[in-house]
Amino acid sequence: MGNKGGSEAWAFIKQVVAGRWFSVFAGLIMMIGNGTTYVFPTYSKVIKTQFDYSQTQINTLGFAKDLGSNIGIIAGLLAEVTPTWVLFIIGAFQNFTGFFLIWLSITARIAKPKFWQMFILVCLGTNSSNWANTAIMVTSVRNFPDRRGIILGLLKGYVGIGGAIISQLYLAIYGHNDPSNLVLLFAWLPSLLILILFPSIRPIRIRKHPDELKVFYQLLYVSILLAIFILFLTIAQKQVVFSQAGYVGGASFVVCLLCVPILIACREELLLYKLNKQTAAPSVALSMLHQNPPTLPTSADSEIPEISPSCCPNIWNKPERGEDFTILQAVFSKDMALICLATFSGCGSSLAAIDNLGQVGESLGYSQRAIGILVSWVSIFNFFGRVFSGFISETLMTKYKLPRPLTFAFAFLITCVGQLFIAYPFPGSLYLAAIIIGFGFGAQNPMLFAVISEMFGLKRYSTLFNCGQLAAPFGSYILNVDVVGKLYDMEALRELLAAATLFGAVVMFVLAYRTREFYKRDVYKNFNEEIWIPQTEMEFYRLDNKKNIED
């Protein structure tokens with residue numbers, strides 16, 4: 001009897017770890033490591049002080065950060081022809097190498113690097129996020145094709161809040177006396193998380209069940225609770241000087257909240273486990289659990305991008321929106337041109353505003369502790385923007401048939417309001433700016449990736465979404481270095497950022513108008529698979545499980 005119970009427990013544990021919901025949990029945790037990008041205003045001050053860089057040089061390093069975190073085309077192309085574990089290993093190695101060398105340089109453990117060398121190190125460290133980002137996002141969208149807006153919102157939300165989470169872990173582990181240790185944490189923590197969790201990220205073929213959306217909402221509620229706790233924790237840290245034990249206590253509670261999705265995964269897999277035992281023998285149940293959904297391309301199905309004599313003529317012979325485009329067909333389409341133009345202008349100006357928030361705070365007399373709070377708030381509200389835009393835009397699209405680019409345009413308008421608070425400051429205006437810009441920029445992010453997947457299909461998605469996001473760092477560079485950097489040194493106007501974001505909104509309104517008929521259709525018609533668990537049966541097992549718990 002004991003052996004049977006032990007074998008059943010082991011079988012259940014294996015099912016949990018191999019399941020889609022644990023894969024979602026693993027993806028969320030690894031995405032936290034990608035949030036290092038949004039803590040640049042904090043550690044850039046250490047670099048500026050240590051190497052006596054000018055503001056223009058710091059802005060150039062900000063461009064290196066943006067460039068590195070957005071150049072994922074190589075990762076996208078490699079994802080077409082290799083298994084996901086290759087991307088994770090490359091990303092973990094690159095992350096540790098880049099940030100560890102930065103830490104060695106700012107702590108004078110190696111010779112002072114030349115400026116171009118520091119540019120490469122920043123670019124190398126931040127570029128590492130693209131490898132895990134590509135593997136997690138592509139796999140998750142393929143595992144949940146008709147919930148892509150929601151899953152992208154959650155995943156990118158944890159990137160947004162990742163900076164605030166890592167900042168709390170830094171305070172708990174190292175204290176607040178030496179900011180250079182924050183860079184050391186960047187080096188080892190994300191790499192360690194990847195090496196532990198990457199086996200869980202893989203295509204999992206399983207029929208959906210009717211309560212799938214409820215599970216996503218439960219994950220959303222847990223995530224909101226996490227963000228609210230960190231928000232109030234940072235407010236408390238602004239008002240009161242925390243002891244080391246206080247930092248450890250706060251970070252411990254954050255870690256506990258991060259583990260709640262495991263409980264949700266266990267509950268869902270327990271229902272499936274009981275259902276399989278009742279309906280079939282284990283071998284049959286396993287095959288039923290992993291049935292293939294209708295045609296859904298994966299990395300394994302994809303070949304190296306085709307090159308044939310007819311390739312060039314086919315560039316102009318494009319399929320209908322929503323079908324699978326080739327890379328060149330998508331890149332040379334009017335829709336992609338509008339997406340890239342809006343991203344260049346709107347997302348680029350948003351990045352420029354975030355990168356300069358710390359410097360603007362200094363010029364307006366904000367304390368270093370206040371600037372640290374601003375950076376954390378950008379990260380926290382970045383999270384809120386990402387998760388809410390994923391859920392809200394998905395609801396507006398599926399229920400009311402509103403084009404997702406329309407929601408994208410409103411995200412630009414929200415960001416524009418925050419940038420006006422920077423252009424025309426008043427006491428406390430930067431706190432409002434941090435909240436609004438963080439939320440607006442966060443809302444832009446998942447919608448960019450969702451729109452690309454909806455218009456150009458999933459077959460070349462790993463490459464196409466990396467092409468789309470590449471426009472942001474170039475927009476940031478032009479505004480950050482050639483405009484904002486020079487104007488900041490001259491204490492000149494910053495409303496140009498708001499104007500650039502407004503232009504991005506106008507471009508996205510044009511795209512929404514062009515695609516209005518497309519979004520009136522069922523965008524997910526190719527993924528409407530038959531539900532293999534009847535609603536009544538699912539409810540029966542939920543009630544039965546609840547009764548067993550109460551007994």
Side-chain angles (χ1 to χ4, degrees), residues 20-21 23-24 27 136-157 203-217 219-220 290-299 301-302 318-325 329-330 333 335-336 339 386-408 443 445-462 464-465 468 511-512 514-535 538:
R20 282 197 304 173
W21 297 111
S23 178
V24 171
I136 294 168
M137 286 178 54
V138 171
T139 304
S140 298
V141 166
R142 286 170 172 161
N143 285 343
F144 297 93
D146 56 348
R147 305 288 183 196
R148 67 186 71 172
I150 293 173
I151 189 66
L152 287 173
L154 280 171
L155 288 171
K156 299 304 288 185
I204 301 174
R205 311 290 187 85
I206 181 173
R207 298 282 186 175
K208 65 182 182 179
H209 65 72
D211 289 343
E212 193 172 87
L213 185 58
K214 292 182 182 179
V215 180
F216 277 118
Y217 272 103
L219 292 173
L220 172 66
H290 293 280
Q291 288 183 58
N292 290 342
T295 14
L296 182 60
T298 66
S299 309
D301 301 325
S302 301
K318 297 180 179 64
E320 295 292 323
R321 289 191 184 100
E323 301 297 327
D324 289 324
F325 281 58
Q329 284 174 339
S333 68
D335 290 341
M336 183 63 87
I339 291 171
R386 291 175 187 228
V387 295
F388 280 116
S389 72
F391 280 82
I392 292 173
S393 66
E394 192 81 7
T395 301
L396 293 176
M397 185 190 77
T398 56
K399 190 173 182 179
Y400 300 103
K401 304 301 181 183
L402 293 178
R404 203 186 298 266
L406 186 64
T407 318
F408 202 162
N445 210 277
M447 285 191 285
L448 169 64
F449 303 128
V451 166
I452 290 174
S453 74
E454 288 156 1
M455 292 190 180
F456 306 116
L458 295 179
K459 188 174 184 180
R460 303 300 179 195
Y461 180 58
S462 62
L464 293 177
F465 89 77
L511 182 63
R514 280 175 53 86
T515 58
R516 65 193 186 283
E517 295 300 327
F518 168 69
Y519 280 99
K520 286 179 181 177
R521 308 199 304 264
D522 184 3
V523 176
Y524 296 149
K525 63 181 179 180
N526 294 333
F527 307 102
N528 290 335
E529 52 188 299
E530 180 183 354
I531 298 175
W532 67 270
I533 307 178
Q535 176 71 44
M538 199 71 186

Side chain to side chain contact (heavy atoms under 4.5 Å, CB included) for Arg516 and Leu402? Distances and angles first, verdict last.
CA-CA 7 Å; Arg516 65 193 186 283; Leu402 293 178; over 6 Å; no
Could you give me the CA-CA distance, side-chain angles and deciding distance for Tyr461 and Phe456, then say whether side chain to side chain contact (heavy atoms under 4.5 Å, CB included) is met?
CA-CA 8 Å; Tyr461 180 58; Phe456 306 116; over 6 Å; no
Say whether, by atom type as modelled, one donor and one acceptor occur between the side chain of Thr515 and the main chain of Phe518 under 3.5 angstrom.
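Not at all, since once roles are kept as given, no pair shorter than 3.5 Å links the two residues.
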Minimum heavy-atom distance between Thr398 and Tyr524, given as atom pair plus value
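Minimum heavy-atom contact is CG2-CE1, 4.3 Å.
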Considering non-hydrogen atoms only, spot the tightest contact between Thr139 and Pro203 and give its length.
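That closest heavy-atom pairing would be CG2-N, 3.6 Å.
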Non-hydrogen side-chain atoms of [X] and [Y] separated by less than 4.5 Å:
X      : Y      : result
Arg142 : Val138 : yes
Asp146 : Glu212 : yes
Ser140 : Leu155 : yes

Mind checking side-chain hydrogen bond (donor to acceptor under 3.5 Å, both in side chains) for Ser23 and listing every partner two or more places apart, or none if nothing turns up?
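With sequence neighbours excluded, Ser23 shows a side-chain hydrogen bond (donor to acceptor under 3.5 Å, both in side chains) to no residue whatsoever.
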Using a strict threshold of under 4.0 Å (side-chain N to carboxylate O), is an ion pair present between [Y] and [X]?
X      : Y      : answer
Lys459 : Glu323 : no
Arg321 : Asp335 : yes
Arg404 : Glu454 : yes

Results of salt bridge (Lys or Arg N to Asp or Glu O under 4.0 Å) for Glu517 - residues two or more places apart only
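Partners of Glu517 by the salt bridge (Lys or Arg N to Asp or Glu O under 4.0 Å) criterion, ordered by chain and then number, come out as Lys520.
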Phe216 ring center near Phe391 ring center (under 6.0 Å):
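Ring centres of Phe391 and Phe216 not closer than 6.0 Å.
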Quick one: sort the Trp21 and Phe144 rings into parallel, tilted or perpendicular, breaks at 30° and 60°.
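The arrangement is tilted - the two ring planes meet at 30° to 60°.
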